[in-house]
Visitor: 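Let me give you the structure first, and then I'll get to my questions.
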Amino acid sequence: MSHHGSEPFDGAPEEPERKIARNKLMRDLLSTTGFKGALGDFPEGQLTKTDEGAIQFAIGEKDGKVVIDFGTPVNWVGMNPQQAAEFASLLLKRAREVARKNGETVSFIIG
């Protein structure tokens with residue numbers, strides 16, 4: 001039979017603030033929502049011999065520019081048509097947000 005406990009072994013109860021901070025750190029470390037970079041799996045098969053698998057990235061803003069952060073060096077990206085459309089939509093959304101913040105307007109040509 002084994003033993004376990006939710007408090008440190010030294011017997012002294014952990015201060016509530018420290019326990020909250022530790023639990024938040026653990027949630028943040030285990031969360032993949034903010035992760036950027038290679039995921040190491042091939043959900044739609046391998047596209048080429050050099051395909052390194054799925055990648056998770058962020059589209060944000062820095063210093064008035066739209067930024068795509070892959071979290072790792074990337075030479076190419078392949079997407080199915082739906083993913084490409086969603087990527088384009090998110091890029092356009094960020095472009096509008098950044099332009100509005102900069103006091104600018106943007107126009108789009110589709111077709």
Side-chain angles (χ1 to χ4, degrees):
M1 178 142 305
S2 62
H3 303 273
H4 77 281
S6 61
E7 300 295 333
F9 186 71
D10 66 8
E14 189 172 21
E15 296 174 18
E17 298 83 21
R18 184 178 169 121
K19 186 173 184 175
I20 290 168
R22 180 175 51 83
N23 287 338
K24 181 185 180 316
L25 175 63
M26 290 302 293
R27 278 193 308 275
D28 290 347
L29 289 171
L30 295 172
S31 171
T32 60
T33 58
F35 176 79
K36 295 177 287 291
L39 299 176
D41 61 344
F42 299 87
E44 296 186 17
Q46 198 168 4
L47 189 59
T48 70
K49 290 180 187 177
T50 62
D51 186 350
E52 296 177 23
I55 187 165
Q56 190 163 301
F57 53 90
I59 302 174
E61 178 266 337
K62 175 148 177 71
D63 299 331
K65 306 288 184 198
V66 177
V67 176
I68 305 169
D69 182 357
F70 291 99
T72 189
V74 173
N75 284 314
W76 58 269
V77 176
M79 302 175 196
N80 67 37
Q82 183 60 49
Q83 291 168 333
E86 291 169 5
F87 177 69
S89 178
L90 187 53
L91 272 176
L92 295 174
K93 178 181 176 185
R94 291 289 182 262
R96 285 191 300 262
E97 290 171 356
V98 173
R100 194 174 310 116
K101 185 176 176 182
N102 293 341
E104 303 169 358
T105 60
V106 292
S107 60
F108 309 107
I109 300 171
I110 299 176

Visitor: May I ask you to list the residues sharing a hydrophobic cluster with I109, side-chain cutoff 4.5 Å, ordered by chain and number?
Guide: none
Visitor: Members other than L47 in its cluster, when Ile, Leu, Val, Met, Phe, Trp, Tyr link by side-chain heavy atoms under 4.5 Å?
Guide: W76
Visitor: Are L92 and V66 co-members of a hydrophobic cluster defined by side-chain heavy atoms under 4.5 Å apart?
Guide: no
Visitor: Residues in side chain to side chain contact (heavy atoms under 4.5 Å, CB included) with N80, at least two apart?
Guide: E44, Q82, Q83
Visitor: For a 4.5 angstrom cut-off between non-hydrogen side-chain atoms, does L91 reach I68?
Guide: yes
Visitor: Quick one: do F87 and V67 end up in the same hydrophobic cluster if we chain Ile, Leu, Val, Met, Phe, Trp and Tyr together by side-chain heavy atoms under 4.5 Å apart?
Guide: no
Visitor: Who passes side chain to side chain contact (heavy atoms under 4.5 Å, CB included) against P73, sequence neighbours left out?
Guide: none
Visitor: What side-chain hydrogen bond (donor to acceptor under 3.5 Å, both in side chains) pairs are there with at least one residue in residues 98-111, not counting sequence neighbours?
Guide: E61-K101
Visitor: Sequence neighbours excluded, which residues qualify as side-chain hydrogen bond (donor to acceptor under 3.5 Å, both in side chains) partners of S89?
Guide: none
Visitor: Of all residues at least two apart in sequence or in a different chain, which pass the ring-ring contact (aromatic ring centres under 6.0 Å, His included) check with F42?
Guide: none
Visitor: According to the ring-ring contact (aromatic ring centres under 6.0 Å, His included) rule, which pairs have a member within residues 90-111, sequence neighbours left out?
Guide: none
Visitor: Closest heavy-atom contact between Q46 and K49?
Guide: NE2-O, 3.5 Å
Visitor: Show every salt bridge (Lys or Arg N to Asp or Glu O under 4.0 Å) that has at least one partner inside residues 71-80, sequence neighbours left out.
Guide: none
Visitor: Are V74 and M79 co-members of a hydrophobic cluster defined by side-chain heavy atoms under 4.5 Å apart?
Guide: yes
Visitor: Checking E97 now: which residues fulfil salt bridge (charged side-chain N to carboxylate O under 4.0 Å, His left out) with it, not counting sequence neighbours?
Guide: R94
Visitor: What verdict does the side-chain contact (heavy atoms from CB on, under 4.5 Å) test give for V77 and F70, after you've listed the backbone C-alpha separation in whole Å, the side-chain angles of each residue and the deciding distance to 0.1 Å?
Guide: CA-CA 10 Å; V77 176; F70 291 99; 3.7 Å; yes
Visitor: Just verifying a value: how many Å separate E52 CD and T72 OG1, rounded to the nearest 0.5 Å?
Guide: 7.5 Å
